[in-house]
Each structure stands twice: as structure tokens, then as C-alpha cells.
Amino acid sequence: MENQPHILLTPGPVPIPAPVQAAMSKAIIHHHSGEFAAFYGEMRGKLRYLFQTEGMTLAAPGSGTYGVEMAIYSFFSAGDSVVVVSNGKFSTRWAAYLRSRNVFVEDLVIPWGEVPDPVRVAEACDRIQARGLVVTHCETSTAALLDLETIAWRAREACPDLLIVADTITTTGAVPMYADAWGIDVAVVASQKALMSPAGVVAYALSERALRYFTPSDAADFAHLANHVRAAANDRSPFTPPLTLFYAVDAALDLVAAEGLPAIWNRVHQAAHTFRDGFVALGGKVFGESPSDSLSAVYFEEKNLDGLREKLKSKHQITLSGGQDSLKGKIMRISHMGLTDARLMLAVLEAIKSEL
């Protein structure tokens, strides 16, 4: 693969398809115009398909981390009780941010790579009569995919008025995620993942319950989702949006609609299992339990994974991600999001095999 173009297979950002690249060259329009309202209204409709919701959708500037923090900031205040499932770098970050807001956190700490028992999550919600539950559908640092549907159902059974906030940044658009059917009140996705766009946009699906749960906000508060919701109800943005990035996300949503979510989920599934089966056949191991189809975390015992990744990049133009924090140097991570397929995974496996 020495003469092939660079292949970016990190779990965000992912490669940007040509139609998405082209969309970013469209002429800028004024964000207070009727033209923008028509564009944004159509884009919000496409987001409803992406999230599988009939509820409120909107887009806002920000990274994935900022997107989840905006949700926490908007819905939970000092003195609230919130359950968090912490099983990796990002879910642990949500617990820390909640504490910084003086929210009482019942932190269910799970070993990295493992997933929680839904009954245990529900029991924690019931024990503290939680106002909210914050969960990470796929923990990007480990590839662990929790059973969001069952967790949400069990938790809601224990606390009927619970507000469920789900980080679906590495799942929405890549693996099955049904915001309405699963009872998710706030679902967050970021543009640089399965939406195949540059980083800088977050999108939300908000339930009717979520719209009733907002804490008070000031109209000048950029980070408060209530202001974005009020504007989105009229297909407006409360502040100047990154229109070029909105164009990119809109074009990516067209690609999603054209292929169809079931077809995408199946393609991603085939890519993930082709890679993991092939990697194990080479003597490697899959890290953790319940791995997501959207990315794989893998390792070789007693091999320098950082050295292997460097060879893949310099000799084969393939970029993978390493481990984070306590997993640094111990695992490597490969994305199956975007336009990846089983054929590409076989090519990556051949490159890995040549370097073993």
C-alpha cells in the first residue's frame, strides 16, 4: 500500500467524502435571512432521521466534549443528583464536569473496557432518586458499547421522571440508535465522527421531557441549549453559526439518507467484524467486552503498538489511534465509521501482517 493515498482511520476525525468537501465551498448566506431558515429547517429534518426521532433537533458550534458539557450545563444545577456511568476517558470527564457544577454525582465506576449491568444502573438511580442519568453509548477510549436501550428502560422504570442524557458521539450514524424508541431525552453527536465532516458542530435530539427540564437561562448565555431551542423552533440560530460547517453536515446527512441507516449499520458491522476476526487470526486480541461496531480497540501482547502504528503511517500511509491515559501504548484503535467497508479492513490487515 506504499503508493496509496493517506488513509485516516482514527475514531474521529474520519475522512471527508468529496460531496461534503464540495459543500463547504458554497456561498455564504446571512443567518438572519429566510434563505438560512429554509436551509436550517431542512437540515433539522434530516437530523430527525439520523437520530430516529420526531422531536426537537438542532445543531450548534462546538466539539463533542463541549456538546455534552452544554447538555449538562443546560439541564443540571447545583444540588441536583445525577448518576454517571464512568468506564473510560470520556465518561469519566462527564462526572468531573458535573462535580465542577456542584452537582451531586453517584459515580458508577466500571473498569475500562467493561460495560455496566443495567440493573445496577437502575438501582443507583433509585437509591438517590436521581434527577438525571448521563451515559456514554460507546466509550471511544475503549470501544466498549453499553446496552443503552436496556439501561434507559430499567432506569426509567426505577425513576419515571429521570432525564437521560446520552453521549452518542461515536454511535449515531454508525450503529443502531433510536432516540425516541429507547426513551433518550438528550442525544448528542459530533460532526467529525459518522457525519464525515470537519470537527466543530454538535447536533442534538431533545425529547419533550427534556424541553420541560431546562434550568433558567439568560438570553445572552451562548452555552445554554434553551436559547438554541427557542431559535430552532423558528429555524434560526441564536448566534452566528459556522455556516460552512453546517453545509458540510447537511451534505453528509444527504449521504446518510441516500444509503439509508440500515445499510450503513450493516456495512459498518461487516467492516468491524472483518477487522476483528482478521486481527485475532494474526495473533492479536480484542480489548474489553461488548465492542462497538463503530471502532475497534485491539492489541498484541508483548508488542510495541506505538511502533507498529508508526510503521503503518510511514510505510503504508495508514493512521490509527493509540490508547489514552492508562491504556497509552497498550492498545490501538481503528475506526469503522464513515465510508469504511470490509474491503478496506482487509487491506489494513495485510499492512499489519507485513509489519509483524
Side-chain angles (χ1 to χ4, degrees), residues 44-45 47-60 62 64 67-85 91 94-95 97-98 101 103-106 108 116 118-119 121-137 146-169 171-172 176-189 202-218 221 223-235 238:
R44 292 180 54 239
L47 284 170
R48 283 193 283 274
Y49 174 68
L50 180 78
F51 283 110
Q52 292 294 284
T53 182
E54 296 297 324
M56 167 65 72
T57 57
L58 60 88
V68 176
E69 289 184 354
M70 281 178 71
I72 290 171
Y73 173 80
S74 301
F75 289 105
F76 304 122
S77 302
D80 287 341
S81 296
V82 176
V83 173
V84 180
V85 176
S91 48
W94 314 145
Y97 182 70
L98 279 159
R101 300 275 300 155
V103 172
F104 174 78
V105 177
E106 180 77 1
L108 296 182
V119 173
V121 177
E123 289 173 346
C125 292
D126 184 55
R127 183 167 56 251
I128 67 170
Q129 284 301 290
R131 186 173 195 268
L133 169 65
V134 177
V135 289
T136 301
H137 193 190
L146 53 74
D147 184 351
L148 180 57
E149 179 182 14
T150 303
I151 286 173
W153 177 73
R154 289 282 190 182
R156 181 86 65 211
E157 188 179 43
C159 296
D161 293 327
L162 188 74
L163 188 82
I164 300 174
V165 177
D167 163 3
T168 66
I169 291 170
T171 52
T172 294
M177 204 294 291
Y178 297 89
D180 284 1
W182 293 357
I184 307 304
D185 296 305
V186 184
V188 187
V189 73
V202 288
Y204 297 89
L206 304 171
S207 72
E208 285 296 324
R209 179 184 291 104
L211 299 181
R212 297 193 301 267
Y213 262 59
F214 280 130
T215 57
S217 70
D218 185 277
D221 192 346
H224 206 294
L225 282 173
N227 294 318
H228 294 268
V229 166
R230 276 195 295 268
N234 295 307
D235 293 325

For [X] and [Y], work out which heavy atoms get closest and say how close.
X    : Y    : result
A232 : M56  : CB-SD, 4.1 Å
R101 : F76  : NH2-O, 3.9 Å
L162 : A130 : CD1-O, 3.4 Å
S74  : M70  : OG-O, 2.6 Å
P176 : H137 : O-CE1, 3.7 Å
T57  : R44  : O-NE, 2.6 Å

Once you round to the nearest 0.5 Å, how far does [atom1] of [X] lie from [atom2] of [Y]?
X    : Y    : atom1 : atom2 : result
T171 : L146 : OG1   : CG    : 9.0 Å
Y49  : E54  : OH    : CD    : 12.5 Å
L148 : I164 : CG    : CD1   : 8.0 Å
R131 : Y213 : CZ    : OH    : 6.0 Å
S217 : N227 : OG    : CG    : 4.5 Å
R212 : L206 : CZ    : CG    : 12.5 Å

Does any part of the side chain of [Y], heavy atoms only, come nearer than 4.5 Å to the side chain of [X], both counted from C-beta?
X    : Y    : result
V68  : T136 : no
Y73  : Y97  : yes
Y204 : L47  : no
V165 : W94  : no
I184 : F51  : no
Q52  : W182 : no
C125 : L133 : yes
L58  : L225 : yes

Query raised in the report: Does atom CD of Q129 have more than 12 heavy-atom neighbours, drawn from other residues, nucleotides or ligands, at distances under 6.0 Å?
Result: yes

**Report entry** Charged N-O contact under 4.0 Å between D185 and R156
**Finding:**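 Counted as a salt bridge, because a side-chain N and a carboxylate O are separated by less than 4.0 Å.
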
Requested in this report: I would like to know whether V119 and R154 meet side chain to side chain contact (heavy atoms under 4.5 Å, CB included); could you show each step before the answer?
Outcome: CA-CA 7 Å; V119 173; R154 289 282 190 182; 4.2 Å; yes

